[in-house]
Amino acid sequence: MRQRFQDIDYLGVVLWLLRTGIIILVIWGSVATIIQNPYSSKTWMDFIVFGVAQGSLYALIAIGYTLVYGVLFMINFAHSEFFMSGIFTATILLANPMKASGFLDSHPFVGLGLITITAIIVSVAIALLTERVAYRPLRKAPRLVPLITAIGASFFWQYFFRGLFGSEVKPFPQIEGLIGKIPFLGTEILINQVVVIVVAIIMLIGLYIFVMKTKIGKSIRAVAEDKDTAALMGIDVDRAISITFAMGAAMAGIAGVLYAMVFRQVHFFMGFIPGIKAFTAAVLGGIGSIPGAAVGGFFLGMFESVGPSLFLQGLGIPAPHQLKDVIAFTMLVLVLIFRPQGILGERLAEKKA
Amino acid sequence: MIILSANSVIKQFGGLVAVNKFTFDLLEGQIASIIGPNGAGKTTFFNCITGFYKFDEGSIIFNGRSLEGKSPDLITRMGIARTYQNIRLFPNMTAIENILVGLHPRLKSFWVEAILQTPRVRKEEKEAEEEANRILDFVGLSGLGDQLARNLPYGAQRRLEIARAIASNPKLLLLDEPTAGMNPKESSVMMHFIQNLRDETGITILLIEHDMRVVMGISENIAVMDFGTKIAEGTPTEIQTNPRVIEAYLGRGAAAGFNK
Amino acid sequence: APKYECTDPLGCVTYAPGEPVRIASALVISGPNTDLGVDSQHGVEIAMQFRGQLLGHDIELQAEDDGCSAEGGQTAGQKIVSDPTIVAVVGTSCSGAGVPMSEVISEAGYVMVSPSNTAPSLTNPDEAWKPGYLRTAHNDKVQGKAMADFAYNELGVRKAAAIHDGDPYTEGLAKVFADSFEDLGGEIVMFTAVNKGDSDMRPVLAAVAAAGPPEFLYYPVFTAEGGFLTKQAKEVAGLENTILAAADGMISDAAIKAVGDAGEGMYFSGPDLSFSGDIYDKFLDAYETNYGSMPISVFHAHAFDAANMIFDCIEEIATQDKDGTIHIGRQALRTCLYNTKDFQGITGTLTCNQYGDCADPKISVSQLQNGAYVRIWP
Amino acid sequence: MREKQNTLKILLKSGLLSGVIALSVSMIGMVGLFSQRDMIAGVLTLGQLLLFASPAAFAYLEAVKISKDDWRKGLLAGLFIGVLSAIPLIILVIISTLVNLRQYFVSVSDTLIQILTFNQDVFLGSILLILVMAFVGLIAAGMRYMPIKYRHPIFQGLIWTFGVSLFSEVLSERVRSFFGSFITKIMFKSRATQPLFAIVLFVFIAGITYWQQGHKSSIKDFIDNQPPKKKRQYQLIFLGIGILILIILPLILGTYLSEVINNVGLYILMGLGLNIVVGFAGLLDLGYVAFFAIGAYTMAVLTSEGALGISAFSFWAALPFCVAASVSAGILLGIPVLRMRGDYLAIVTLGFGEIIRIMANSDLLKPFIGGAQGILQIPKPSIGNIVLFKPGQLYYVILIGVLIAAYISWRLRDSRLGRQWMAMREDEDVAEAMGINLVNTKLLAFAIGAGFSGLSGAIFASKLTSIFPHSFNLLISINVLSLIIVGGLGSIPGVVVGAAILVGLPELLREFKEYRLLMYGGLLIVMMLAKPEGFWPSTIQKRELHAFQESTSGNDT
Amino acid sequence: MAMLEINDIHTYYGNIQALRGISLKVEQGEIVTLIGANGAGKTTTLRTICGLIKPRQGSVYLEGENLINYKAHEIVYKGVAMVPEGRGIFAKLTVLENLEMGAFSRTDTKGIQDDLEFVYELFPRLKERRNQVSGTLSGGEQQMLATARALMARPRLLLMDEPSMGLAPILVEGIFETIVQINKEGTTILLVEQNATMALSVAHRGYVLQTGEIVLQDTAANLKQNEMVQKAYLGID
Ligand SMILES: Nc1ncnc2c1ncn2[C@@H]1O[C@H](COP(=O)(O)OP(=O)(O)OP(=O)(O)O)[C@@H](O)[C@H]1O
Ligand SMILES: Nc1ncnc2c1ncn2[C@@H]1O[C@H](COP(=O)(O)OP(=O)(O)OP(=O)(O)O)[C@@H](O)[C@H]1O
Ligand SMILES: [Mg+2]
Ligand SMILES: [Mg+2]
């Protein structure tokens with residue numbers, strides 16, 4: 001009897017119930033919303049564009065998590081601070097003074113270029129410093145140890161920059177030439193959103209090609225698989241890891257500039273939530289995979305943007321947008337129940353023996 | 001009596017058919033071997049038996065009960081234990097602790113009792129400890145109980161893995177290349193150990209091995225696998241002379257070696 | 001001389017000659033809301049500076065941090081009550097910290113006057129009010145209602161929406177606004193929320209636009225989220241003509257910079273800041289000299305008044321020995337504070353009710369014009 | 001020739017690094033803020049200590065690299081490092097006279113410049129700064145060449161003097177309550193030590209340490225040398241003393257420190273729970289605060305006298321429900337994440353924690369649990385007619401909770417279930433193949449861990465008498481995870497140590513204000529670099545670390 | 001000058017001493033084999049030579065140049081390549097990419113191309129599979145790949161750690177044939193093997209390692225006849 005009871009896969013039943021429940025809820029909510037038809041198709045289109053733009057930022061930041069995770073198997077909690085530090089510094093030391101002096105208005109693109117370069121340099125420098133001091137000595141320590149130093153580094157940099165530039169929300173100037181909207185499929189989208197999406201896609205593709213095709217990219221992949229053997233090939237492991245950090249941080253630096261362009265304000269705490277979201281995106285897409293980070297980012301952006309209005313509104317839930325993170329994380333769980341390795345994650349061998 | 005019966009087992013990975021309609025019967029108390037070229041699907045077959053992989057088609061019957069869809073822990077509790085091609089001990093646990101984990105299916109105590117320290121728990125723990133030491137002695141590792149598994153010499157690790165496997169009191173023991181990485185001398189020692197184990201406990205043993213001296217030395221029945229299918233089965237002498245086996249696996253040199 | 005005998009039911013604090021009178025502050029001086037607390041603390045410090053001495057004793061401030069959280073409030077409270085030489089407290093900054101702290105303070109027989117707690121529950125005896133708690137800040141009920149009034153009667157709008165960010169202060173204010181606006185006969189087309197830390201507000205704004213679109217959008221949140229809402233509202237189709245309004249959480253220099261051009265013409269409700277009179281001028285002078293800037297948030301004046309209320313009462317009820325030793329009865333101090341009547345402070349004429357609401361609830365609405373707040377109502 | 005270049009390189013590198021660090025602490029405002037805080041009244045401020053810390057440390061550490069035994073060269077090196085350290089600061093001072101740096105760097109105020117130039121003009125101030133820094137470097141380097149016999153006592157003396165000065169606020173309050181204000185005034189002035197007392201303390205500690213060096217005998221040695229029977233007796237005596245101390249602790253500590261201890265206790269309780277999940281079972285959980293929240297909310301809803309409360313329950317009657325609710329939540333979370341591995345688990349649990357917090361804060365659940373306005377009027381626990389109001393009383397409730405949790409942890413660790421967890425942590429697949437039912441084993445870990453956390457949350461709600469969703473943020477989960485790792489993963493006493501360091505210490509150092517988290521972050525890094533295995537490692541963690549050292553030693557040497 | 005000369009190497013894992021003063025020499029063009037029981041320190045010796053672990057004491061000379069102060073990846077540039085124990089192929093990279101990684105230390109595109117042809121000739125199987133992800137290769141193929149990859153560095157000294165481990169008998173023969181062939185092409189080889197019988201039949205000279213020490217050294221032919229070796233390692237009683 002006991003045996004029989006044990007034979008039932010009650011776990012499977014519960015999981016089935018859970019995911020069917022979520023799916024029914026989602027469908028029910030969506031149908032109810034569509035019947036109520038609160039939004040015009042133009043609004044829906046807007047939601048999608050907002051989602052894609054936001055998703056692009058997540059994707060760019062997620063790259064940093066995925067790269068580092070792929071190589072060191074470590075959640076680099078401080079990555080959100082690489083994102084913040086670059087643009088925060090560039091805003092205070094460059095963007096606002098340039099705006100005040102009128103340079104930014106007269107040479108918007110030169111100015112933007114300078115801001116971008118500064119942001120990348122600072123982000124990369126912070127990343128390399130963090131790696132050297134807080135991670136490298138612990139490369140072979142039990143896995144949770146570098147996780148804790150990463151958390152420590154994250155706090156440290158947050159409050160370091162707060163001390164340096166203050167706790168206030170700082171404005172980021174509008175860039176001439178990126179103001180306004182352009183028509184697109186029956187709706188209008190903001191130019192700066194277009195820029196974000198285009199830049200993000202170019203960067204993601206570029207990075208993917210870099211990692212897959214160039215010698216340095218291949219050396220990083222080799223280091224990711226086996227550090228000792230990589231060294232036996234003549235690869236400088238420390239250098240490869242530093243390059244990995246630098247690439248991730250450069251992406252984060254660019255993401256910072258795009259973020260500032262769209263949202264036009266910066267703050268020492270601005271990395272925290274995008275950081276968590278981006279990490280979620282990386283996992284959603286399959287951590288360790290670059291296309292995964294991209295797909296995960298876009299998906300997450302979409303869920304957040306469309307989800308509250310589509311899934312929840314119809315159910316009569318008050319303040320649905322407050323629950324967008326609930327949707328995001330529920331979708332994450334749902335995806336992982338179906339695909340434990342994430343959307344594009346590599347099949348972790350079913351179970352190794 | 002047939003203790004394990006595999007019938008047309010198929011296991012696919014994507015497009016690759018790793019085990020292809022493999023059929024094999026194992027008699028109780030026998031020492032049998034599966035051999036075959038690298039990548040033939042031997043380890044995969046083991047994984048199908050022990051529930052690590054869910055096989056796609058066919059059936060595996062153990063002691064009259066189907067193993068299909070059963071989870072590894074259940075299969076272990078039904079009486080199958082195994083070792084791994086690359087040693088997989090619990091490296092940061094001591095030898096005794098490793099065996100105690102192996103004893104797990106035989107223990108009955110409930111965790112609440114452990115908190116309350118009921119007499120039953122204490123008795124059971126004490127007995128388990130004694131039993132673990134007995135097994136340690138049996139595999140010839142007396143005195144190494146407090147060593148971390150990670151720090152044991154390679155051969156000792158192989159033995160410890162076997163000790164951990166037999167601790168669950170299995171009826172069938174699966175050994176995946178128990179002599180890999182051993183020199184000829186060490187292999188012989190292991191070979192005799194396996195033979196002894198069967199003789200003393202009556203346990204059924206199925207092994208995968210590339211060392212022909214071991215295989216031919218102790219097997220009572222040999223199945224040869226290639227590309228997931230069984231290309232031959234028989235006694236060591238039959239196998240040694242089977243041209244298909246020589247062609248696919250042994251090579252002329254090895255085959256010639258037996259004839260010396 | 002006969003020895004002084006304390007008859008106060010809650011005990012007395014005694015300061016020997018040369019010992020300073022000690023008060024504590026428990027304001028938020030760390031974390032994201034630092035500006036709020038630091039500004040208030042400066043208010044207290046200036047009040048001390050102006051007063052100089054109390055009955056011949058210096059005044060000393062022990063500044064604690066309420067962390068803007070319940071835990072922080074409780075710990076700060078325990079720290080304060082562990083020091084028997086502290087006679088009164090100015091704090092807390094955040095209502096959430098005020099609730100548990102008032103309990104600790106009350107139980108220990110101390111007294112606290114908050115410069116910036118605005119949650120209605122704190123002065124409601126059925127909810128969180130405890131004896132010994134007072135405040136010079138207005139009750140949210142007043143502000144929310146005032147804003148509704150302004151929108152309905154002054155601007156003449158009939159369709160409004162409100163957004164909060166899940167902060168107790170914000171949520172409370174938005175709720176009172178929405179209720180009052182409906183009571184006046186207006187329609188709330190949407191009452192919704194974002195999360196603290198969000199930056200992409202477009203989806204929620206698009207939903208608001210699709211729901212109405214409202215003529216008036218009230219989001220009494222803080223600078224970061226407020227900045228995003230303001231700037232993005234201008235970019236969402238349908239909200240081009242909507243009047244935007246926020247509350248005192250966004251009355252600051254940083255907020256002006258954060259909203260930039262997008263905030264031009266926007267309305268802000270808040271305690272009436274058009275303080276006037278000699279004291280306030282002197283206050284601003286002192287502020288500038290001491291801290292190198294103008295006040296950064298709005299509650300410095302309330303803190304100044306709170307401290308002065310306490311000082312006045314100490315002077316009123318303390319008994320002084322010949323040698324200059326003073327004794328302050330804790331219950332007497334409380335009673336005195338609750339009896340405050342027509343106290344002339346920077347924030348107006350304060351009169352406390354039996355549950356410690358002392359504010360002269362003057363709420364005004366200002367508009368951002370050319371990068372400066374201009375009071376336009378009442 | 002090459003030798004010389006090398007020397008110069010080391011000196012330049014460490015001198016400038018030290019200078020950049022000094023510059024950083026100045027520019028982020030720490031020096032400015034802490035200069036208002038005296039350590040030794042009228043003699044030394046915390047800001048100065050901070051400013052001189054980096055040249056002192058670098059001179060001390062680097063001087064020997066120049067020359068191991070020639071102290072004259074070493075002193076020169078120290079001097080050089082000190083001078084170099086001043087240079088970035090001087091550049092800052094000079095720039096600040098030319099440009100208004102404050103519009104970019106908020107902390108570079110006039111006050112800071114005055115501190116850096118000792119209230120002199122730029123030229124004189126710079127010279128002074130160089131001299132002082134050089135002097136600090138010189139002294140620090142000199143220390144290194146002092147025989148250990150003297151060096152050790154001096155260090156001990158310094159550590160104690162600075163430590164007492166740092167904590168003088170709390171200490172003076174205690175001293176006052178025990179010995180009256182007269183003695184307090186001799187020892188402390190406001191929040192600093194009196195110079196005379198500082199000197200006495202230093203001499204006393206240094207003297208004792210010096211004297212002790214000759215008499216190396218510890219209590220532990222003494223006990224170890226006893227015959228087994230006696231040894232057991234002594235152990236019992238010490239256990240008794242330990243328990244006695246635990247019982248009278250609130251009396252010694254007073255209100256505020258009891259409050260701090262209570263907060264630490266609640267974290268210990270949570271830590272013990274998470275230790276089972278992460279330390280024993282190896283499941284990385286970043287959303288652990290969820291169970292704490294569920295325990296707290298259950299307590300609040302069941303006992304609150306306000307509008308939302310059921311109010312029929314007393315604290316004690318509600319307690320089992322709180323634990324049960326958390327345990328159920330633990331199982332509920334456990335099921336979907338069972339098949340996820342490693343860091344997938346981490347992010348999903350993190351999500352779960354956020355979901356709980358957001359839901360608690362949401363307008364959706366506001367009618368039931370108060371939304372942003374939280375739940376008020378939660379009564380404190382009471383025994384009979386006595387309401388356990390004071391921290392010193394609540395202490396005992398928390399103590400009992402902690403003792404029970406520690407006992408359960410300890411028993412389980414050494415039980416069959418404990419071995420199951422350990423095996424699962426080492427190798428999940430093999431554990432399963434050993435007949436271990438992973439589902440039950442994992443769910444048990446989640447459930448028990450959640451139970452402890454729920455208990456902690458329940459006490460928390462009752463202690464605070466009001467709860468807000470804000471109190472259940474991700475930082476709590478991170479803090480609990482950090483403390484069990486800093487203490488030593490899988491180690492029960494480690495949880496206590498970790499909580500004391502990461503919860504108690506920051507609580508006592510409240511005056512660091514906005515730099516608290518910066519220092520917290522720095523502390524995490526430094527502690528992990530120095531003691532990757534934690535402060536009180538468990539046996540298994542020691543073993544793992546051993547493996548780590550074995551495998552790294554090759555690369556380092 | 002000897003191709004490789006190591007003197008009195010002491011290597012530790014933490015506090016565990018794995019090598020207790022190993023000295024050995026490999027001349028240009030030789031195949032030298034190291035045999036010994038499990039845990040004798042064979043792998044450790046190879047890892048020390050190529051810089052993956054640094055010894056606490058002792059020196060490693062490659063054609064007269066001391067390697068001790070070089071890191072592993074720098075030593076590769078000096079002409080040492082290793083076929084690591086357990087093959088260590090990059091499972092997610094394709095066969096071709098693995099081979100390219102082998103030539104990571106080189107910049108002569110033409111030479112690399114030629115060597116690619118050379119190893120394809122040596123192992124035609126790899127050419128067939130060049131675009132396959134190497135994790136899905138069979139054990140024997142992986143061993144070929146590991147060897148080929150090491151050759152891509154065009155090493156002067158090739159270190160091989162148990163190339164026959166876990167291979168089917170038919171492949172074992174092939175591997176040893178390859179070793180001989182590579183050696184004939186001019187590569188010096190230091191070979192570690194459990195399969196002592198085979199190893200001694202292809203090597204010129206051999207060393208016997210026991211618990212971190214060299215206990216015997218001789219020509220391969222002599223060692224094969226040595227009674228102690230026969231007993232302990234060849235399983236001949
Ligand atoms: N998880 C997996 N995913 C994909 N392919 C796999 C997986 N496991 C095994 N294979 C493939 O299945 C085939 C059989 O592998 P298996 O490990 O069973 O071989 P084997 O007979 O044990 O070989 P060896 O003697 O080398 O150990 C191989 O081609 C292998 O690459
Ligand atoms: N990473 C490690 N940490 C600790 N000890 C190690 C480590 N690697 C090897 N050892 C120890 O060093 C000694 C030598 O090991 P080594 O791997 O060099 O032996 P080997 O001769 O190559 O054996 P095998 O035939 O098993 O490959 C052994 O005692 C082993 O336990
Ligand atoms: Mg196999
Ligand atoms: Mg080896």
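Below, chain A is the first sequence line, B the second, and so on; all start at residue 1. Atoms considered below: every heavy atom in the structure, side chains included; atoms not considered: hydrogens, waters and symmetry mates. Please read these numbers as outputs of a predicted model, since none were measured by experiment.
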If you draw a 6.0 Å radius around [atom1] in [X], do more than 12 non-hydrogen atoms from other residues or ligands fall strictly inside?
X: E/Tyr120; atom1: OH; result: yes
X: A/Arg136; atom1: CZ; result: yes
X: E/Phe123; atom1: CZ; result: yes
X: E/Asn69; atom1: CG; result: no
X: E/Tyr70; atom1: OH; result: no

> So, E/Glu100 and A/Lys215, do they make that salt bridge, N to O below 4.0 Å?
Replying inline: no

> Are any of the side-chain nitrogens in A/Asp236 or E/Lys71 under 4.0 Å away from the carboxylate oxygens of its partner?
Replying inline: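 The answer is no: the pair does not qualify as a salt bridge.
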
> Between E/Ala91 and chain A, which part of the residue has a heavy atom less than 4.5 Å away: side chain, backbone, both or neither?
Replying inline: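 The answer is both parts of E/Ala91.
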
> Heavy-atom distance under 4.5 Å to chain A: side chain of E/Phe90, backbone, both or neither?
Replying inline: both

> Looking at OG1 of A/Thr229 and CZ of E/Arg149, how far apart are the two atoms once the value is rounded to the nearest 0.5 Å?
Replying inline: 6.0 Å

> Are side-chain heavy atoms of E/His73 and A/Met233 found at a separation under 4.5 Å?
Replying inline: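 Sidechains of A/Met233 and E/His73: no contact.
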
>> Would you say that E/Lys92 contacts A/Arg221 through its side chain, given a criterion of any heavy-atom pair below 4.5 Å between the two side chains?
In response: no

>> Testing E/Ile75, E/Leu52, E/Val83 one by one against A/Leu232 for a side-chain contact (heavy atoms from CB on, under 4.5 Å), which residue passes?
In response: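 Result for side-chain contact (heavy atoms from CB on, under 4.5 Å) with A/Leu232: E/Leu52.
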
>> Could you walk me through whether A/Glu225 and E/Ile89 satisfy the side-chain contact (heavy atoms from CB on, under 4.5 Å) test, starting with their C-alpha distance in whole Å, then the side-chain angles of each, then the deciding distance to 0.1 Å, before giving a yes or no?
In response: CA-CA 9 Å; A/Glu225 282 203 36; E/Ile89 52 145; over 6 Å; no

> Is there a donor-acceptor pair under 3.5 Å between the side chain of E/Glu97 and the backbone N or O of A/Lys218?
Replying inline: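 Not confirmed, E/Glu97 side chain does not pair with A/Lys218 backbone.
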
